[in-house]
Each structure stands twice: as structure tokens, then as C-alpha cells.
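Working notes for the structure below.
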Amino acid sequence: MNLPLLLVNFKAYEQSTGFNAVALAKIHDEVANETGLSIAIAVSAVDIKDVVAAVKIPVFAQHCDPVDFGARTGFLPPKLLKSLGVTGTLLNHSEHQISDEVLQKSVEAAKAAGLFVIVCANTPEKGAEVVKFGPDLIAVEPPELIGGDISVAKAKPDIIVKSVELIGRDKVLVGAGVKNGEDTKIALELGAQGILVASGVTNSPDPKKAILDLVRPFA
Ligand code: G3P
């Protein structure tokens, strides 16, 4: 994965899932092509196949389970994701938290399947605790700022500083309320390797403009 990275999480917003997922994914692909910068997307499991077929940028799952192919109703095996052309997975997102025991098994199963693994953590301390499970990156997101208008970069820059200090300079993404290039600039200056964003793009009236602004400090 090229760093710095913009990872846009499509979550389960109406405007970024179902019939809208491919169009939004193509906008990300277009910006990545035009700028040569590192942009990836995490899409709903139901949209993975269509999105992977439509774009060249890395496509992530928003979650997966520590299970193999088989009698696993409703579960998402990492090997299945890999077979569909998925690049990586988020795990333990603030909106989809799992126990440490399941997280460890999930990281191992996802890595064994060849996926790039980004574990989310609500605090720098939690991130430092789960780094031993071996993810590729840790995304630290204070839950109270997720989906809001004030970014972690502006409201709680100390969280970025602490994350880099506790987790390691090469491993930290940050997110929550990130909306523009100024937020990205602060995050990078404080040592993060990129940003995890959702509503700043998915709810924007002009997603292309929003993405271009967010990655501007990468250049
Ligand atoms: O996964 C990204 C995330 O939780 C941040 O969401 O809407 O604050 O950018 P948002």
C-alpha cells in the first residue's frame, strides 16, 4: 500500500451503497488516476464484487470474520474476499467492534488470506495494545468526533501525536470528522501516514472536489 493513504469508508450510507456505490467508487478511481496519489475505498460487502470490477484502486472490506469457507451463515471469510479481488480489510471499526480475542483471530485469518489489514482503535492506548496482533496499519478514531463537523486534527491533535508516539510513526492513520486538506495537512505534519474518512466524502454535494482537497497535501 502506498503511503500516505486516503481511505474512504463508504459505511452503509444510502448515497455510497447499492446502486450508488460504483459511481462513487469510480470518482475515487478517477482522482487517483489524475493525481497519482494513494486512494483506497472500504465498501459494503454487498457491493464488493461490482466495485472491484469497476475500479483499479484498492478496495477494502469494512469487516471480515475469522472463518474459512464452509458452513458459516452470514459470515465473511477473508479467503472469499481475497478471491474476489479485495485488497484489504478494516477490522474493529468503532461502529463494528469485536473482542480482542476475535480481533486477534481476524487479523491472523485476514493476513493468512493475503489481505492488507487496518485495525481501528478508539484511543491511542487501544491502538498500542492491538498492534501486537500484527496489522499493517492502525487507524485511531475518537468515536465522539466520528460523523461530526469538527475533525480530530483540529479538535484533538494531541491524539495524533500520542498515537504516533505509542504505535509507531510508520503505522498510524487517523480519522473522525476529517473534512478537508487542512485536516490532512495537520495529520501528516503530526506524523500520521494518512487519513480515514467517511462523511466528508459520502455526504459531500461534490465528492470529487472533496477527495481532491483531502489528498492535496499528499503531493
Ligand atoms: O471510518 C471512517 C470514520 O469512522 C470517520 O467517519 O464521517 O467522521 O469521516 P467520518
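Ligands are counted one by one from 1 in listed order, and the atoms in each one are counted from 1 as well. Side chains included, hydrogens not; waters and symmetry mates left out as well; all remaining heavy atoms used.
Taking 4.0 Å as the cut-off between side-chain N and carboxylate O, Lys208 and Glu34 count as a salt-bridged pair.
Here the side chains of Lys105 and Phe133 are not in contact, with every heavy-atom distance at 4.5 Å or above. Side chains of Ile118 and Thr89 form no contact here, defined as non-hydrogen atoms less than 4.5 Å apart.
Below 30°, between 30° and 60°, or above 60°: for His63 and His96 the angle between ring planes is below 30°, a parallel geometry.
Among the atoms of Glu95, none of the N or O lies under 3.5 angstrom from an N or O of ligand 1. Looking at Tyr13 next to ligand 1, no N or O pair under 3.5 Å apart turns up. Residue contacts with ligand 1: Glu141 is placed with a nitrogen or oxygen under 3.5 Å of a nitrogen or oxygen of the ligand (distance criterion only). Here's the thing with Val197: none of its N/O atoms is less than 3.5 angstrom from an N/O atom of ligand 1.
Using a distance-only test at 3.5 Å, with no hydrogens or angles considered, no donor-acceptor pair links the side chain of Asp65 to the main chain of Val67. Counting only distance, with no hydrogens or angles, the side chain of Asn20 and the backbone of Ser16 share no donor-acceptor pair below 3.5 Å.
Summary of contacts: the protein heavy atom closest to atom 9 (O) of ligand 1 is Ala198 N, 2.8 Å. Nearest to atom 1 (O) of ligand 1 among the protein's heavy atoms is His93 NE2, 2.8 Å.
Against a heavy-atom cut-off of under 4.0 Å, Ser199 is close to the following atoms of ligand 1: 7 (O), 9 (O), 10 (P). Near Leu196, meaning under 4.0 Å from one of its heavy atoms, ligand 1 places the atoms 1 (O), 2 (C). Applying the 4.0 Å criterion to heavy atoms of Ile146 picks out, from ligand 1, the atoms 4 (O), 6 (O), 8 (O). Atom numbering of ligand 1 starts at 1 in the shown order; those under 4.0 Å from a heavy atom of Gly147 are 7 (O), 8 (O), 10 (P).
Hydrophobic cluster membership differs between Leu115 and Leu5, with clusters built from Ile, Leu, Val, Met, Phe, Trp and Tyr side chains linked at under 4.5 angstrom.
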Point to revise | Check against side-chain hydrogen bond (donor to acceptor under 3.5 Å, both in side chains), Thr17 and Asp47 | key: CA-CA 7 Å; Thr17 55; Asp47 298 318; 5.0 Å; no
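Ligand 1 lies within reach of Lys11, whose nearest heavy atom is under 4.0 Å from it.
Residue contacts with ligand 1 for Ala176 involve N, CA, C or O but no side-chain atom from C-beta outward (heavy atoms, distance under 4.0 Å).
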